[in-house]
Each structure stands twice: as structure tokens, then as C-alpha cells.
Amino acid sequence: MSETVTRESDPDRFEIAAEGVVAGFAEFVDHDGQRVFFHTEIDKSYGGRGLAGRVVAEALTSTRAEGLRVVPVCEFVAKYVAKHPEFNDLVDPVSPAALAAIPH
């Protein structure tokens with residue numbers, strides 16, 4: 001399967017496409033030098049293929065390249081960084097300010 005990850009805006013998110021079809025995304029908001037990841041979702045028809053891990057890995061790598069910190073509000077992103085110590089240097093704890101930055 002051919003998969004690509006792209007950064008999109010409106011809303012801000014990283015999308016993963018499988019064979020040209022958007023299969024899921026990791027949504028974020030940039031706030032005060034931090035990228036707050038608050039929601040990750042993969043379409044059920046694409047479940048079990050590792051796409052969530054792939055989109056989050058690409059999102060974290062891009063965030064590092066942009067010089068931003070990561071706030072893992074999303075449960076999946078939090079679990080991912082806990083299992084991948086190569087991203088430990090990017091992670092900030094969830095704070096009231098980060099939570100307040102999430103669009104509703």
C-alpha cells in the first residue's frame with residue numbers, strides 16, 4: 001500500500017493518505033512555541049495497518065524540524081511518545097495553557 005503524510009491547514013493537522021484516499025489525521029494547534037496534539041483518528045476501514053503510528057511519527061519529526069515542542073494531549077500521541085524515547089527531548093507536560101489553546 002502506498003501511503004503519504006502531508007501537513008494541512010484549516011484545520012491544522014497531519015493527514016495520512018493510503019492509495020490517494022485520506023485515511024486519517026493527527027490534529028494540532030500551535031501555541032507559544034508548542035505544538036499541542038489533541039486528536040488522532042484513523043478511518044475504521046484502515047484500522048490495524050499502523051497508519052496512526054506512521055502519521056504521528058511524521059508529525060513529530062516535522063515538529064522537531066520546525067523547532068517546536070510537543071504537548072501530547074491526545075491519548076494516542078501520549079502513548080506513542082512513551083514508547084518512542086527518541087522523541088523524549090520534544091515533550092512538554094500537558095498544562096492548563098495548552099488545554100486552553102485547543103479550539104472548540
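One is the number of the first residue; the rest follow in order along the sequence.
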Do [X] and [Y] have side chains that get closer than 4.5 Å, going by heavy atoms?
X: I42; Y: I16; value: yes
X: F87; Y: T61; value: yes
X: R7; Y: E66; value: yes

Legend entry - Over 12 foreign heavy atoms within 6.0 Å of CD, E75: no

Inset, instruction - Drop me the distance from E27's CD to E41's CD, to the nearest 0.5 angstrom. - result: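 Answer for the CD-CD pair, E27 versus E41, is 8.0 Å.
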
Inset, instruction - Measure the spacing between CZ of R54 and CZ of R49 and express it to the nearest 0.5 Å. - result: 13.5 Å

So, does [X] use its side chain to make a donor-acceptor pair with the main chain of [Y] at under 3.5 Å?
X: E19; Y: S2; value: yes
X: T63; Y: A59; value: yes
X: R69; Y: D89; value: yes

Looking only at heavy atoms, which two atoms of [X] and [Y] are closest? And how far apart?
X: A52; Y: T40; answer: CB-CG2, 4.4 Å
X: Q34; Y: A98; answer: OE1-CB, 4.5 Å
X: N88; Y: V81; answer: OD1-O, 3.7 Å
X: P72; Y: V94; answer: O-CG2, 3.8 Å

Legend entry - Cationic N near anionic O, under 4.0 Å, D12 to R35: no

Is it true that [X] and [Y] fall in one hydrophobic cluster, defined by side-chain heavy atoms closer than 4.5 Å?
X: F28; Y: L68; answer: no
X: F37; Y: V29; answer: no
X: F25; Y: F76; answer: no
X: Y80; Y: V5; answer: yes
X: V70; Y: F38; answer: no

